[in-house]
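These values consider heavy atoms only, across backbone and side chains, with no hydrogens, waters or symmetry-generated copies. Proteins come first, then strands; the chains are lettered A, B, ... in the order of their sequence lines, and each starts at number 1. Since the model is a prediction, treat every value here as computed from it, not as a measurement.
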Number of protein chains: 2
Amino acid sequence: MQKVTLKDIADRAGVHVSTVSRALDPSSAYRVNAQTVNEIRRIADEMGYRPDVIARGYRKGSTATFGVVVPDLGNPGWAPILRGIENNLESRGLMAIITETQDDDQRLSRVIEHLMSRRVDALIVTAARDDHVPILEAAADRVPVVLAVRCPARTRLPHVVFDDVEGGRMVGEHLLSLGHRRIGQLPGPTDVTHFVDRSQGFTSAIRLGGGVVVEAKDTARRPTIAEGARIMRMMIESDEELPTAVFAHNDLMAFGAIGALRDAGLDCPGDFHAVGYDDTPMAAFSKPSLTSVRHPSYEIGRIAADYAVMLLDNPEFEPTPLKFPPSLTPRASTGEQDSDAGLSDD
Amino acid sequence: MQKVTLKDIADRAGVHVSTVSRALDPSSAYRVNAQTVNEIRRIADEMGYRPDVIARGYRKGSTATFGVVVPDLGNPGWAPILRGIENNLESRGLMAIITETQDDDQRLSRVIEHLMSRRVDALIVTAARDDHVPILEAAADRVPVVLAVRCPARTRLPHVVFDDVEGGRMVGEHLLSLGHRRIGQLPGPTDVTHFVDRSQGFTSAIRLGGGVVVEAKDTARRPTIAEGARIMRMMIESDEELPTAVFAHNDLMAFGAIGALRDAGLDCPGDFHAVGYDDTPMAAFSKPSLTSVRHPSYEIGRIAADYAVMLLDNPEFEPTPLKFPPSLTPRASTGEQDSDAGLSDD
DNA sequence: CTGTTAGCGCCTTCAA
DNA sequence: TTGAAGGCGCTAACAG
């Protein structure tokens with residue numbers, strides 16, 4: 001099964017390549033003798049012909065391939081978003097190729113450049129940070145670029161995000177309603193808008209409710225378990241009085257923080273409460289199960305892909321920036337009785 | 001910044017495209033007047049020229065792009081393996097494009113076909129199941145294919161895997177040494193060799209030690225938290241006497257199983273012990289922390305990429321099939337005293 | 001040192 | 001209904 005080209009088929013069928021090309025393209029097969037079409041299709045099948053999408057792209061000006069950039073495949077929270085994208089594109093005969101920045105700022109421009117020079121038709125980026133705007137807007141001059149989940153503060157690029165201000169607010173109100181007044185916050189990287197939003201919604205809710213936010217001594221460089229543990233440890237080791245509850249900007253950091261507090265002899269939910277964000281599958285299964293904020297991940301991926309496709313079809317299209325509302329699931333880490341563990345698979 | 005081509009630069013510099021091509025290629029710039037080279041490079045920079053890797057690929061017969069296929073990006077265990085691949089390739093100026101089968105058997109052939117028609121130079125597949133052999137071997141006729149982690153029983157394809165028989169054995173001996181004699185097993189999909197291997201190593205160790213393996217009533221259809229919980233629940237609800245410890249074929253399933261047992265009022269490690277596999281970052285941070293088997297993930301990715309590159313350079317090269325030894329980390333889920341939680345980031 | 005030519009695989013005029 | 005020719009962006013072989 002070496003590479004089979006149109007020419008190989010043409011030779012075998014005794015016709016010209018362009019005839020083969022036409023016969024194999026449903027939209028122009030009608031211009032070829034029906035018998036010839038059948039014959040050619042048979043031969044193509046037999047020889048295991050696979051169109052060279054890329055070569056085709058040269059003529060058509062497209063490669064039927066979308067580039068997707070995520071920050072960190074070690075965070076399972078991206079999986080449903082990616083599936084929303086993959087499944088949407090696949091149903092249209094398009095393909096998503098996924099790349100990872102490893103949450104390394106520098107890497108984004110390299111990754112984008114690679115994807116562009118591989119002639120992707122469009123870009124869906126979930127790893128954007130504030131200083132990436134120039135790179136992204138430059139790319140947007142050539143192909144549609146849609147930002148998802150993470151969207152820098154000031155950019156004209158089309159985007160779909162979660163309402164993280166609202167999510168932060170929900171966390172704040174939940175903790176206030178449980179009687180907490182002194183509440184710690186473990187922030188994710190500050191150049192990622194959705195972390196800033198979570199912080200803002202949370203902080204203003206707490207202030208409004210007459211509470212005090214105890215800020216971590218440092219910001220997580222990356223939103224990982226290890227970093228969550230590290231900055232929690234810093235808070236523990238400081239002289240300041242410990243808060244009675246902590247809000248970590250994502251589940252991974254929350255797991256890390258709970259671990260660090262446990263190492264310090266403190267029990268959750270006995271001695272303190274904790275809340276995460278993202279509602280990863282582990283949240284329902286960890287001990288204690290973790291109160292977390294859930295957002296429609298699959299859906300945001302699906303819509304991001306929709307937008308990218310529509311932009312490709314019509315560059316004039318101006319996608320409405322969307323903001324998906326989150327919801328909070330109280331669990332054992334904030335004193336909720338554990339019912340059955342969640343069983344869904346996404 | 002619309003697309004800039006060699007021709008644009010040539011026009012501006014008043015030379016022929018091929019001169020530009022040579023000037024921009026370090027390996028042939030020596031054949032061009034040094035002044036011209038500088039001038040051309042300056043113009044190229046100024047215009048923001050980006051080579052079209054794909055077009056270049058047509059002449060060179062390669063695209064500097066490797067396809068990588070993983071089963072499930074919802075499992076964070078794949079991340080370090082992917083990084084081993086990505087970082088290795090990146091250091092050579094190659095790019096990894098990642099695709100996911102979503103652990104869906106059918107999807108693999110479609111994904112491979114997509115990648116092939118995008119003219120990837122090589123394929124690294126970590127999602128292989130037994131019945132994929134024909135597809136994979138067909139692909140291998142055209143480009144180097146390296147299997148990593150998952151490798152069907154009978155295939156001539158180059159592969160690098162973990163020694164899962166040994167890992168299973170270690171789990172068995174660990175549990176025996178703790179005094180367990182009746183031990184449950186929650187198996188992953190049986191058409192994935194490494195799960196079969198884990199089972200085999202484990203079962204023979206237990207038998208050798210005079211123990212009894214209690215098999216789950218069903219096999220996990222996919223190695224996920226939800227499936228782990230499901231088959232654990234089936235074991236609980238059966239009439240059979242419960243084992244005193246369970247071995248789940250990966251961490252996710254173990255978390256699910258511990259959750260299911262907790263729902264049934266049983267405490268780990270008080271009432272039963274549990275062991276996972278993969279040593280995902282959560283294992284150290286969950287409560288109880290999870291005894292698990294660790295394998296050199298980053299390393300296997302790195303080597304898989306090495307092999308693929310070497311095969312590309314020299315199709316005659318016959319990579320030694322490698323089997324990386326695992327190691328077991330005892331934690332609270334088998335009664336170990338928790339020390340500091342693990343802090344590494346990978 | 002530089003320009004010309006040809007062609008990777010495909011599709012789309014244009015002409016027959 | 002079919003063939004011939006041109007070109008997408010790039011590079012290698014061949015002239016000069």
Any chance you could measure Leu94(A), atom CG, to Asp121(A), atom CG, to the nearest 0.5 Å? 7.5 Å
Please report the interatomic distance CD(Glu316(A)) to CG(Asn314(A)), rounded to the nearest 0.5 Å. 6.0 Å
In whole angstroms, how far is the [atom2] atom of [N] from the [atom1] atom of [X]?
| X | N | atom1 | atom2 | answer |
| --- | --- | --- | --- | --- |
| Arg118(A) | dC8(D) | CZ | P | 22 Å |
| Tyr30(A) | dT2(D) | OH | C1' | 14 Å |
| Leu24(B) | dC10(D) | CG | P | 9 Å |

Sidechain N-carboxylate O distance under 4.0 Å for [X], [Y]:
| X | Y | result |
| --- | --- | --- |
| Arg42(A) | Glu39(A) | yes |
| Asp306(B) | Arg302(B) | yes |
| Asp45(A) | Arg41(A) | no |
| Asp103(A) | Arg129(A) | yes |

Examine dT2(C): is either OP1 or OP2 under 4.0 Å from a nitrogen or oxygen in the side chain of Thr36(B)? Give yes or no. yes
Within the 4.0 Å limit for protein heavy atoms, which parts of nucleotides 5-15 of chain C are touched? Write it as a string from 5' to 3', B for base, S for sugar-phosphate only, - for none. BBBBBBBBB--
